[in-house]
Amino acid sequence: MQTTPVTALLAGRIPVGTAVRVQGWIRTRRDSKAGLSFLHVHDGSCFDPVQVVAPSDLPNYTSDVQRLTTGCSVDVTGTVVASAGAGQSVEVQAASVRVVGWVDDPETYPVAAKRHSFEYLREIAHLRPRTNTFGAIARVRNCLAQAVHRYFHERGFCWIHTPIITASDCEGAGAMFRVSTLDMLNIPRTPAGGVDFSNDFFGKEAFLTVSGQLNVETYACALSKVYTFGPTFRAENSNTTRHLSEFWMIEPEIAFADLAADADLAEDFLKAIFRTLLEERADDMKFFADRIDRSCITRLETFIDASFERMEYTEAIRRLEKAVSDGRAFEFPVRWGCDLQSEHERYLTEELVGRPVVVMNYPKAIKAFYMRLNDDERTVAAMDVLAPGIGEIIGGSQREERLDVLDRRIAEMGLDAAPYWWYRDLRRYGTVPHAGFGLGFERTIIYATGMANIRDVIPFPRAPRTAEF
RNA sequence: UCCCCUAUAGCUCAACGGUAGAGCGAGCGGCUGUUAACCGCUAGGUUCUUGGUUCGAAUCCAAGUGGGGGAGCCA
C-alpha cells in the first residue's frame, strides 16, 4: 500500500473514509483510559504532525503502542476519519501500528518533546531536523532554493555549474582553502625552498572557490542571462552569527546590461522569491512568526510591497553627514571614500528611508578591480542592496568591459594581469557591457525567518573548529 | 584575530564560602477523545579539566578546554 504524506492528509486532499498508510516518527503519545492512545506522527512533509488514534484492541497495543516514545519510527495503516476532538479536522483511525524502529533508551534520547536551546541542538545536528524549528528551516530553505531556480528558469536564465575547485589564484575575495594531495609530512621542495606545486594533483596550486563570478561572466558573454547557485568557501577565521566557512551563494550575471538593470533585477528577484515563500510555506512561516520572530511575515510583506529607493553613494554620505551634524551618533566616522559600516547601512534603510535602499556608485578605492569605472574616474558602478532589519543583503556591480580600463585597474591595485588572461580575453573578443550580483543564500534565510544564527539555517554548518558532522 | 560572558541531573536553570535543588524529560501508578494534557510517586549529579587559596570550594583565584555574544573580515 502506498504511503500518504502527512501534508496531503492535513490539507484535506484525502477524503474521509479513505484507507491510508502513514510512515513517520512519533512526536508524542497520550494514552486514554477510554481504550485508545493518541499518537502524533510527523514525516516532515509539512509543519504539523498527524494524529493517529490507536485503539486498545490492536493486537500489539500493550506490547508496542503503549511503549512508544518520542522518536520511534512507525508504519501505520488505517482510515481517514473526521476528528472527534478539537485541534485537527481529520485524523487516522489505526487498523495496525507497526513499530519500525525503537528508541534505544528514552531516558537519554537527545531530542525530548520539549524546548531545547539552539546551542544544544547544534551539538546534535544529526537529530535536530526532527524538531519543529529545524524541520521548518529545511522546508523553507528548500522552498527558497526552488524559487530561485524557478525564477531564473522562467526568465530564460541558464544555470551554470561553475567549478568548486579553482586552480587560478586570482579570485582574491578572501582567504581560501587549499586543495592538495601532497603528503604534508613530506612536502616536495623547489630549489629555492618553496613548495613544489608542480608535483601536486593539478600541477599547480589549487583552492576551493570563493566566488563563481569570474567563471560565470564567461558564460554570460555567450548565453546572455546566466546564474550560479552553489557552495562557496571562505577560510576566514570569523566567528560570528553571520559567517560560515561553507555557504551557498546565488550569482546572476546578465549581458548587455548596466548597473540600473542589475538593480532592477535584484529588486524583482528578491520580491519574487519571498512572495513564493509566503505562498508555499505559510505553515512554517506562521511558526517562525509565533516562536522565533514576531515580525518576520510582515517584514516580508512590507519588503514585497515597497519600491526600493535608489541612492548614490555620494548622496548617502551627504545624508549620513547631515545626520551626524543633527546629533546622530555613529561609532565609526562618516567620510567620502570610506566604506559604509553596518550601522550606517542600517541608518539609511531603517531610519532615513524606511524601505530597502540600493546604494550605487562607490569610490573605486574600496571596491574590486573588475567593477566598471565611471566617467568621473572616482567611482565604480557598484551597488549594495540594503534592507531594514539586516543591512546589506546583496552586493553587485557592472563589470568593466573595456580592456584598456580593466588593465589599468589591475595595475592600479597591484595585481598581476597574467593569471587573468582568459578573463581579459572576454574583453578582446566581442566584449559587451554586463553586470551581476551576489546573494548569500543563508543570509536570505536568516532574513526571511528571523533566525538569529546562520549556523541554524544550514543543515551541517562549517565554521572555524566546527566540522563534526 | 581581538574583547566580553559562560560551563551544576538527559535538557533548561537555581543554589553565590558551610551536607546540591526545581521545572521539563524519563520510569511506575492514577485520570481523561487526548492536544508539548493533568495529578502522585521514583530514579537520576566525581558541579568541564588541572592547579591554587581556605578548617571547609559548585561558589574565590590562575591556566587550559568546550560553548555563546560582540567587533573586524565579508555573503
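Each chain gets a letter, A, B and so on, in the order its sequence line appears, and its residues count up from 1. Values below: every heavy atom of this structure, side chains too, minus hydrogens, waters and symmetry copies.
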Pairwise [atom1] distance for [N] and [M], with rounding to whole Å:
N: B:G21; M: B:G29; atom1: P; result: 28 Å
N: B:C39; M: B:U32; atom1: C1'; result: 11 Å
N: B:G56; M: B:U65; atom1: C1'; result: 28 Å
N: B:C11; M: B:C48; atom1: P; result: 13 Å
N: B:C16; M: B:A7; atom1: C1'; result: 16 Å
N: B:A15; M: B:C4; atom1: C1'; result: 25 Å
N: B:G45; M: B:C55; atom1: P; result: 32 Å
N: B:A36; M: B:C24; atom1: P; result: 15 Å

A:Asn453 side chain near B:G69 phosphate (N/O to OP1/OP2, under 4.0 Å):
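True: A:Asn453 side-chain N/O within range (under 4.0 Å) of B:G69 OP1/OP2.
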For B:C74, does either OP1 or OP2 sit under 4.0 Å from a side-chain N or O belonging to A:Ser238?
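Looking at the OP1 and OP2 atoms of B:C74, neither is under 4.0 Å from any side-chain N or O of A:Ser238.
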Residues [X], [Y]: salt bridge by 4.0 Å N-O rule:
X: A:Arg128; Y: A:Glu123; result: no
X: A:Arg234; Y: A:Glu246; result: no
X: A:Asp258; Y: A:Arg372; result: no
X: A:Asp268; Y: A:Arg275; result: no
X: A:Arg98; Y: A:Asp64; result: no

A:Gln341 side chain near A:Val334 side chain, heavy-atom distance below 4.5 Å:
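The answer is no; the side chains never approach within 4.5 Å.
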Any idea which of [options] is nearest the [X] side chain?
X: A:Ser32; options: B:G72, B:U32, B:C11; result: B:U32
X: A:Tyr120; options: B:A37, B:C11, B:G68; result: B:C11
X: A:Thr69; options: B:G27, B:G33, B:U35; result: B:G27

Whole angstroms only, please: what is the [atom1]-[atom2] distance between [X] and [N]?
X: A:Asp31; N: B:U32; atom1: CG; atom2: P; value: 13 Å
X: A:Ile124; N: B:G67; atom1: CD1; atom2: P; value: 15 Å
X: A:Arg30; N: B:C39; atom1: CZ; atom2: P; value: 16 Å
X: A:Leu39; N: B:U34; atom1: CG; atom2: C1'; value: 11 Å
X: A:Leu68; N: B:A36; atom1: CG; atom2: P; value: 18 Å
X: A:Arg29; N: B:U35; atom1: CZ; atom2: C1'; value: 15 Å
X: A:Tyr109; N: B:A26; atom1: OH; atom2: P; value: 12 Å
X: A:Arg130; N: B:G10; atom1: CZ; atom2: C1'; value: 16 Å

Would you kindly check if the NZ (Lys) or CZ (Arg) of A:Arg155 is within the cone defined by 45 degrees around the ring axis of A:Tyr151 and under 6.0 Å from the six-membered ring centre?
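Ring-cation test returns yes.
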What contact category does [X] fall into here, base, sugar-phosphate, or nothing, at under 4.0 angstrom with non-hydrogen atoms?
X: A:Ile394; answer: nothing
X: A:Arg291; answer: base
X: A:Ser37; answer: nothing
X: A:Thr444; answer: nothing
X: A:Phe118; answer: nothing
X: A:Gly85; answer: base
X: A:Ser117; answer: sugar-phosphate

Of A:Glu91 and A:Asn237, whose closest RNA chain B nucleotide lies nearer the 5' terminus?
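Looking at RNA chain B, the more 5' nearest nucleotide goes with A:Asn237.
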Starting from the 5' end of RNA chain B, give me the residue, A:Gly438 or A:Arg122, whose nearest nucleotide shows up first.
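Comparing both residues, the 5'-ward one is A:Arg122.
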Residue matched to [N] through Watson-Crick or wobble contacts both under 3.5 angstrom:
N: B:C38; value: B:G30
N: B:A7; value: B:U65
N: B:U1; value: B:A71
N: B:U53; value: none

Under 3.5 Å, is there an N or O donor on one side and an acceptor on the other linking the side chain of [X] and the base of [N]?
X: A:His243; N: B:C74; value: yes
X: A:Gln88; N: B:U34; value: yes
X: A:Glu236; N: B:G72; value: no

Run the ring-centre check on A:Phe247 versus A:Phe441 and record whether the distance is less than 6.0 Å.
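That pair fails the under 6.0 Å test.
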